[in-house]
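A short write-up of the structure that comes next.
Quick caveat, the model's predicted, so the values are computed rather than measured.
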2 protein chains.
Amino acid sequence: MTETVRLSWKTVRDRVHARVLDGTYAPGDRLPRDEDLAEQFGCARSTVQRAMQDLSLSGIVERRRKGGTRVRRDPVTRATLDIPITRNEVESRGAVYGYQLIEQTTAPPAPAIAARLEIPGAEDMLRVRALHLSDGRPFVFEDRWVSLRTVPEIREIDLAAQSANEWLVRNKPYTRCDLRFYAINADADTAGILETDEGAALMVIERTTWIGGDPITSVKALTAPGYQILTRS
Amino acid sequence: MTETVRLSWKTVRDRVHARVLDGTYAPGDRLPRDEDLAEQFGCARSTVQRAMQDLSLSGIVERRRKGGTRVRRDPVTRATLDIPITRNEVESRGAVYGYQLIEQTTAPPAPAIAARLEIPGAEDMLRVRALHLSDGRPFVFEDRWVSLRTVPEIREIDLAAQSANEWLVRNKPYTRCDLRFYAINADADTAGILETDEGAALMVIERTTWIGGDPITSVKALTAPGYQILTRS
DNA sequence: AAAATTAATATGTAGATACATATAATTGTC
DNA sequence: GACAATTATATGTATCTACATATTAATTTT
């Protein structure tokens with residue numbers, strides 16, 4: 001009896017990946033063409049194609065038309081990062097979420113902010129400074145600028161009752177998102193808000209979003225000491 | 001004349017995405033079944049299927065058999081992060097890469113390290129402390145533990161000439177990788193190595209990898225002040 | 001009425017075929 | 001020999017068909 005199992009493209013992907021792992025296909029090597037692999041595995045080329053597409057996406061191989069498929073010479077660690085709404089982040093840890101609006105003003109942003117949003121600047125924007133709490137303790141302090149041109153509706157929202165974070169993410173989907181992570185020492189002001197010591201090392205998450213070519217918002221989220229970002233496996 | 005353009009699945013994806021963006025399909029809403037969408041767009045169901053699969057992967061919609069497709073109620077910011085080999089990171093910025101082995105010993109790891117690698121512990125491992133330089137200045141200081149059981153060959157490698165980072169990533173592909181980012185204040189020792197001040201805020205990247213179920217390595221990379229992690233668009 | 005069984009249904013997937021497209025390799029031209 | 005045009009080839013994609021599978025809904029049984 002011949003084997004009549006139908007190989008799924010994920011199985012093919014894993015078996016090709018295994019060959020990369022065990023050195024059958026070494027870094028820089030060219031892999032057989034999809035058609036030959038299909039014959040080897042006894043499946044259709046479309047199945048191999050789907051498998052290779054995934055391996056290509058995860059940075060294991062590189063594919064070029066006519067050039068074929070090669071094992072990436074310098075593999076990168078490619079990870080997927082999920083950044084949830086702060087409320088969900090707090091609640092999924094079993095803590096009680098709290099929120100506090102600190103300041104809400106309208107003003108032209110500093111040049112650095114305008115640059116981040118890729119706009120000329122000098123245009124009034126909404127600035128919101130707010131604190132997210134976890135079990136009553138400071139969790140994330142966000143300093144946010146929102147484009148009133150792209151998101152005029154936000155004027156009508158009571159940002160003391162609902163965080164701009166939630167309102168925006170639920171009502172203003174974006175097409176592009178830039179993220180930036182770095183560490184800073186807390187200044188006196190920030191330390192006060194986050195109830196920590198001046199100079200404490202804080203992780204900063206900067207997120208800027210656009211819809212089409214229009215800027216939505218740029219946030220600088222200063223996290224309380226001990227905050228960690230984890231990748232999902 | 002009827003339109004005879006063949007829609008690619010990416011086009012379908014973008015058009016469905018656009019409908020989510022403009023509110024045609026609001027968060028929580030159920031989308032038409034693939035077959036109906038296919039009819040709307042005048043393409044095959046498989047094309048819609050491929051598009052929806054991608055939207056599902058990027059967190060825009062959720063799909064369940066029989067349950068249909070829905071717009072995610074609480075969208076998460078999902079980003080892809082590339083962490084290259086440190087040498088490549090330095091060189092791609094146009095700087096000159098340098099490397100310096102600080103210490104290489106064999107010892108059982110601390111319980112925290114063993115826990116991270118998900119092993120019982122008490123087993124000798126290779127510990128490597130090394131400094132990566134950019135234009136001669138400290139860039140990343142790595143404190144690494146390597147499993148001698150999983151990677152015995154590393155005993156033969158001259159880690160003064162070649163960083164464990166490069167050797168491992170080129171020779172020991174992994175099947176699982178955990179990443180963790182956080183900020184710490186530099187202690188005296190670290191500050192000395194990174195030529196910065198004690199207490200400076202440093203971004204820490206912890207990476208632990210396995211092949212199959214076997215631990216390969218766990219690194220704590222302490223980055224010099226100013227280091228940033230960016231997501232690729 | 002609760003539990004177990006069955007049917008209906010939307011997504012998931014494989015396979016075969018045909019054609020599109022990028023690009024490496026070759027050939028032709030100056 | 002340098003450059004341009006052509007050809008060959010591997011991947012990319014769409015479509016149709018046929019099933020597989022998970023899950024909800026309906027039905028029957030207890």
In whole Å, what is the span from the [atom1] atom of [X] to the [atom2] atom of [N]?
| X | N | atom1 | atom2 | value |
| --- | --- | --- | --- | --- |
| R50(B) | dC16(D) | CZ | P | 18 Å |
| E35(B) | dG12(C) | CD | P | 14 Å |
| L55(B) | dT11(C) | CG | P | 13 Å |
| Q53(A) | dT11(D) | CD | C1' | 10 Å |
| D54(A) | dT11(D) | CG | C1' | 16 Å |
| L37(A) | dA10(D) | CG | P | 12 Å |
| L7(B) | dT15(D) | CG | P | 7 Å |
| E39(A) | dA10(D) | CD | P | 14 Å |

Return no unless some side-chain N or O of [X] is found under 4.0 Å from OP1 or OP2 of [N].
| X | N | answer |
| --- | --- | --- |
| R63(B) | dA10(C) | no |
| Q49(A) | dA10(D) | no |
| K10(A) | dG12(C) | no |
| T47(B) | dT13(D) | no |
| T69(A) | dA10(D) | no |

For the residue pair [X] and [Y], confirm or rule out a side-chain donor-acceptor distance under 3.5 Å.
| X | Y | answer |
| --- | --- | --- |
| R116(A) | T208(A) | no |
| E166(A) | Y99(A) | no |
| T77(A) | R207(B) | yes |
| R15(A) | Q40(A) | no |
| R63(A) | S56(A) | no |
| R87(A) | Y97(A) | no |
| T86(B) | N165(B) | yes |

For the side chain of K66(A), counting heavy atoms from C-beta on, which of dT9(D), dG15(C), dT11(D) is nearest?
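The listed nucleotide nearest to K66(A)'s side chain is dT9(D).
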
From the set dC16(D), dA24(C), dT11(C), return the single nucleotide nearest to any side-chain atom of R64(A).
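The listed nucleotide nearest to R64(A)'s side chain is dA24(C).
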
With a cut-off of 6.0 Å (strictly less than), are more than 12 heavy atoms of other residues, nucleotides or ligands near CD of Q228(A)?
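Yes.
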
Does anything in residues 25-33 of chain B come within less than 4.0 Å of DNA chain D? Heavy atoms only, and list the residues if so.
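Within residues 25-33 of chain B, no residue comes under 4.0 Å of DNA chain D.
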
Taking the nucleotide of DNA chain C with the nearest heavy atom to each, does W9(A) or D34(B) sit closer to the 5' end?
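The answer here is D34(B).
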
Identify the two heavy atoms, one from A79(B) and one from T231(B), that lie closest to each other, and give their separation to 0.1 Å.
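In this case the closest contact between A79(B) and T231(B) is CB-CG2, 3.6 Å.
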
Would you tabulate the pairs of protein nitrogen or oxygen atoms and nucleotide nitrogen or oxygen atoms of nucleotides 19-21 of chain D closer than 3.5 angstrom?
residue, atom, partner, partner atom, Å
dT21(D), O4', R65(B), NH1, 3.4
dT21(D), O3', R65(B), NH1, 3.3
dT21(D), O2, R65(B), NE, 3.4

Measuring only between side-chain heavy atoms, which start at C-beta, is V140(B) closer than 4.5 Å to I205(B)?
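Sidechains of I205(B) and V140(B): no contact.
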
Looking for any heavy atom pair under 4.0 Å, which part of the strands does G68(B) touch: base, sugar-phosphate only, or nothing?
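It contacts sugar-phosphate atoms only.
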
